[in-house]
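Here the structure comes first, spelled out in structure tokens, and everything after it is commentary.
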Amino acid sequence: MEAIELLIAASLADSLSQHTFPGAISTIDAVRRIVPDGAMEELTSLRVSVVPGELDVQNHTRAADLFLPTVHVVIANRFDTNDELDDLFDLRTNIVDAIRSNALPASDPPMPPGTVYFEISNQITFGRNEIANQRTYLADISIVYRRAQEKVT
């Protein structure tokens, strides 16, 4: 059986790529990766990476465990103007809103049955230096899903 966090990341990447977002950046090509794509020096266009993260397993009932996999959506792009920077912030918000509202289209592969969004955290991972000197936007949307699964005996 494939790791739950890999399945969720692949499903989320496909759904995000199919979705049309409001705003200046209406479509993206999200790719499931093990690490975010590319080095900052090579960043010439918008990159959206969906990266499997942590997996927390808790005792749920005598017959099932509660799996809490985390998936990270990493948005990276260089920008020239403040309007372009605003568009990247809007994209981050639009991705979060689409996940929270369950508005994403069905994916191939499908989301594992019984998996639901549980928690989202937005992290801007750039420093002031990257914004001012390198004109680089880098954000990490951390999504925790939950899924009860029968215990393996």
Side-chain angles (χ1 to χ4, degrees), residues 1-21 23 25-61 63-79 85 87-131 134 136-152:
M1 183 167 105
E2 194 169 1
I4 186 82
E5 60 271 33
L6 293 177
L7 294 171
I8 291 170
S11 176
L12 181 59
D14 186 66
S15 290
L16 290 171
S17 294
Q18 292 183 55
H19 190 69
T20 301
F21 299 95
I25 303 173
S26 61
T27 61
I28 59 174
D29 182 23
V31 178
R32 192 214 29 107
R33 303 183 189 285
I34 297 301
V35 295
D37 183 31
M40 286 299 117
E41 306 82 49
E42 302 166 4
L43 191 58
T44 59
S45 63
L46 175 65
R47 294 189 187 162
V48 179
S49 301
V50 182
V51 181
E54 307 77 27
L55 175 63
D56 187 20
V57 181
Q58 300 174 359
N59 185 30
H60 185 54
T61 67
D65 286 326
L66 182 62
F67 285 72
L68 298 167
T70 300
V71 174
H72 300 269
V73 177
V74 179
I75 303 167
N77 202 9
R78 290 194 190 277
F79 62 91
L85 179 60
D87 292 342
L88 292 166
F89 273 96
D90 289 344
L91 175 62
R92 185 199 64 188
T93 299
N94 291 336
I95 288 172
V96 169
D97 289 347
I99 294 168
R100 288 180 48 237
S101 67
N102 295 316
L104 293 174
S107 60
D108 182 26
M111 188 66 73
T115 303
V116 295
Y117 137 77
F118 180 64
E119 176 180 287
I120 294 180
S121 160
N122 288 315
Q123 301 168 353
I124 304 299
T125 54
F126 58 72
R128 300 280 181 220
N129 181 50
E130 285 82 4
I131 285 288
Q134 298 176 18
T136 302
Y137 176 85
L138 182 62
D140 179 356
I141 303 167
S142 177
I143 307 115
V144 178
Y145 289 88
R146 63 184 292 167
R147 179 174 189 251
Q149 183 173 324
E150 288 185 20
K151 290 186 178 185
V152 177

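Since the model is a prediction, treat every value here as computed from it, not as a measurement.
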Interatomic distance, [X] atom [atom1] to [Y] atom [atom2] [nearest 0.5 angstrom]:
X	Y	atom1	atom2	answer
I141	T93	CD1	OG1	8.0 Å
E5	Y145	CD	OH	13.0 Å
N122	I143	CG	CD1	9.0 Å

Next on the checklist: So, using salt bridge (Lys or Arg N to Asp or Glu O under 4.0 Å) as the criterion, who are the partners of D29 when residues are at least two apart?
Outcome noted: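 Per chain and number, D29 pairs via salt bridge (Lys or Arg N to Asp or Glu O under 4.0 Å) with no residue.
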Is there a side-chain contact between [X] and [Y] in this structure, where contact means two heavy atoms from C-beta onward sitting under 4.5 Å apart?
X	Y	value
Q149	D65	no
D140	V51	no
I34	L6	yes
D90	I25	no
L12	Y117	no
I75	I28	no
R33	H72	no

Checklist entry - Does any pair with a residue in residues 99-111 pass side chain to side chain donor-acceptor pair (under 3.5 Å), and if so which ones, sequence neighbours excluded? => result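 The answer is S11-S107, D97-R100.
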Checklist entry - Considering residues at least two apart in sequence or located in another chain, which fulfil the ring-ring contact (aromatic ring centres under 6.0 Å, His included) criterion with F21? => result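 Scan of F21 (ring-ring contact (aromatic ring centres under 6.0 Å, His included), adjacent residues dropped) gives H19.
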Mind checking what makes side-chain contact (heavy atoms from CB on, under 4.5 Å) contact with [X], not counting sequence neighbours?
X	value
T27	none
P112	I4, L7, I8, T115, R147
V144	L68, T70, F118, E119
A9	R32, V50, P52, V71

Item to check | From CA spacing to verdict: side-chain contact (heavy atoms from CB on, under 4.5 Å), D87, Y137 | outcome: CA-CA 11 Å; D87 292 342; Y137 176 85; over 6 Å; no
Next on the checklist: Ignoring hydrogens, what is the shortest heavy-atom contact between S45 and N77? Give both atom names and the distance.
Outcome noted: C-OD1, 3.3 Å
Checklist entry - At their closest point, which heavy atom of A106 faces which heavy atom of S15, and how far apart are they? => result C-OG, 4.2 Å
Item to check | D56: partners by side chain to side chain donor-acceptor pair (under 3.5 Å), with sequence neighbours left out | outcome: Q58
Next on the checklist: Just to verify, what does D14 make a side chain to side chain donor-acceptor pair (under 3.5 Å) with, not counting sequence neighbours?
Outcome noted: Q18
Next on the checklist: Donor-acceptor pair, distance only, cut-off 3.5 Å: does the side chain of S49 make one with the backbone of V31?
Outcome noted: no
